[in-house]
Amino acid sequence: QVQLVESGGGLAQPGGSLRLSCAASGNIFDFKSMGWYRQAPGKERESVAIITAGGNQNYADSVKGRFTISRDNANTVSLQMSSLKPEDTATYYCNVQKRFVYWGQGTQVTVSS
């Protein structure tokens with residue numbers, strides 16, 4: 001069983017930065033991908049940044065050049081968010097895909113002046 005716990009959300013001003021972290025408990029050595037999704041009120045959940053087991057990184061067009069995903073260690077994935085915009089406001093979810101898909105509980109990111 002895999003459990004994911006996100007941290008690092010909060011309030012940031014436009015142009016500011018935040019760093020999200022996701023710690024996974026359980027065995028994820030055979031993961032297919034790890035990453036971050038987000039869901040804004042009234043919108044569907046969307047992929048933000050994904051890192052595959054082979055090390056490939058994929059970003060949503062809306063965050064390219066501003067967000068960076070990284071694996072800090074075998075069980076932690078982080079998302080460095082810079083040049084934040086109000087439209088980045090959403091609940092951010094950590095995701096790990098193995099044979100099954102696992103989700104964290106979500107962490108709120110609000111970008112507002």
Side-chain angles (χ1 to χ4, degrees):
Q1 185 71 10
V2 174
Q3 292 185 328
L4 305 175
V5 178
E6 302 106 333
S7 61
L11 175 65
Q13 292 188 340
S17 299
L18 284 173
R19 183 177 179 87
L20 306 182
S21 291
C22 173
S25 61
N27 194 343
I28 64 167
F29 77 93
D30 56 343
F31 78 101
K32 297 178 181 179
S33 68
M34 303 175 69
W36 294 90
Y37 288 68
R38 68 185 181 188
Q39 187 167 18
K43 295 187 177 181
E44 294 186 353
R45 191 172 296 189
E46 64 175 355
S47 173
V48 176
I50 302 294
I51 186 165
T52 69
N56 293 320
Q57 299 179 7
N58 299 294
Y59 295 91
D61 288 343
S62 59
V63 307
K64 283 180 180 177
R66 301 189 298 120
F67 290 11
T68 303
I69 189 171
S70 62
R71 281 189 73 198
D72 302 328
N73 56 52
N75 282 55
T76 303
V77 62
S78 296
L79 184 68
Q80 178 66 45
M81 305 185 294
S82 303
S83 302
L84 284 164
K85 304 176 181 180
E87 50 264 43
D88 294 319
T89 296
T91 300
Y92 285 70
Y93 297 91
C94 180
N95 169 283
V96 170
Q97 296 196 20
K98 295 177 50 174
R99 178 181 178 186
F100 302 105
V101 178
Y102 300 91
W103 293 95
Q105 81 285 355
T107 185
Q108 179 66 35
V109 171
T110 302
V111 183
S112 174
S113 56

May I ask you to check whether over 12 heavy atoms, not counting those of E44, lie within 6.0 Å of atom CD?
no
Nearest non-hydrogen partners of R19 and S70, listed with the distance:
NH2-OG, 3.8 Å
Do D88 and R38 pass the salt bridge (Lys or Arg N to Asp or Glu O under 4.0 Å) test, and can you show the C-alpha distance, the side-chain angles, and the key distance before you say yes or no?
CA-CA 9 Å; D88 294 319; R38 68 185 181 188; 3.0 Å; yes
Testing the basics here: between A53 and F31, what is the closest heavy-atom pair and its distance to 0.1 Å?
CB-O, 3.3 Å
Smallest heavy-atom separation, A60 atom then S47 atom, equals CB-O, 3.4 Å
OH of Y93 to CZ of R45, rounded to nearest 0.5 Å, is 4.5 Å
F29 with V96, same ILVMFWY side-chain cluster at under 4.5 Å:
no
Can you classify the ring geometry of W103 versus Y37 as parallel (below 30°), tilted (30 to 60°) or perpendicular (above 60°)?
perpendicular
Between E6 (side chain) and G106 (backbone), is there a donor-acceptor pair under 3.5 Å?
yes
Of V63, L20, V111, which is the lone residue that meets side chain to side chain contact (heavy atoms under 4.5 Å, CB included) with M81?
L20
Quick check: does any side chain N or O of K98 sit under 3.5 Å from a backbone N or O of N27, one acting as donor and the other as acceptor?
yes
Heavy atoms only: give me the nearest S17-A12 pair and the separation to one decimal.
O-CB, 4.4 Å
State, to 0.1 Å, how close K43 and Q39 come at their nearest heavy-atom pair, and which atoms those are.
O-NE2, 3.1 Å
Could you tell me the separation between the CD atom of Q13 and the CG atom of L84, rounded to the nearest 0.5 Å?
11.0 Å
How long is the straight-line distance from OG of S78 back to CE of M34, given to the nearest 0.5 Å?
9.0 Å
ILVMFWY cluster, V109 and V48 together (side-chain gap under 4.5 Å):
yes
If you round to the nearest 0.5 Å, how far is CD of Q105 from CG of L4?
8.5 Å
Nearest heavy-atom neighbours spanning W36 and V77:
CZ2-O, 3.6 Å
Apply side chain to side chain donor-acceptor pair (under 3.5 Å) to T89 and T110, showing your working.
CA-CA 5 Å; T89 296; T110 302; 5.3 Å; no
Counting neighbours of CD on Q108 that are heavy atoms of other residues, nucleotides or ligands and sit closer than 6.0 Å, is the number greater than 12?
yes
Pair T52, S33: side-chain N/O donor-acceptor within cut-off below 3.5 Å:
no
Look at the side-chain heavy atoms of Ile, Leu, Val, Met, Phe, Trp and Tyr, link any pair under 4.5 Å apart, and say whether L18 and L79 land in one connected group.
yes
Are any side-chain N or O atoms of N75 and backbone N or O atoms of A23, one a donor and one an acceptor, separated by less than 3.5 Å?
no
Is there a chain of hydrophobic side chains (I, L, V, M, F, W, Y, each step under 4.5 Å between heavy atoms) that links I51 to Y92?
yes
So, the side chain of Y59 versus the backbone of I69: is there a donor-acceptor pair under 3.5 Å, distance only?
yes
Rounded distance [0.5 Å steps], OH in Y102 versus OG in S25
10.5 Å
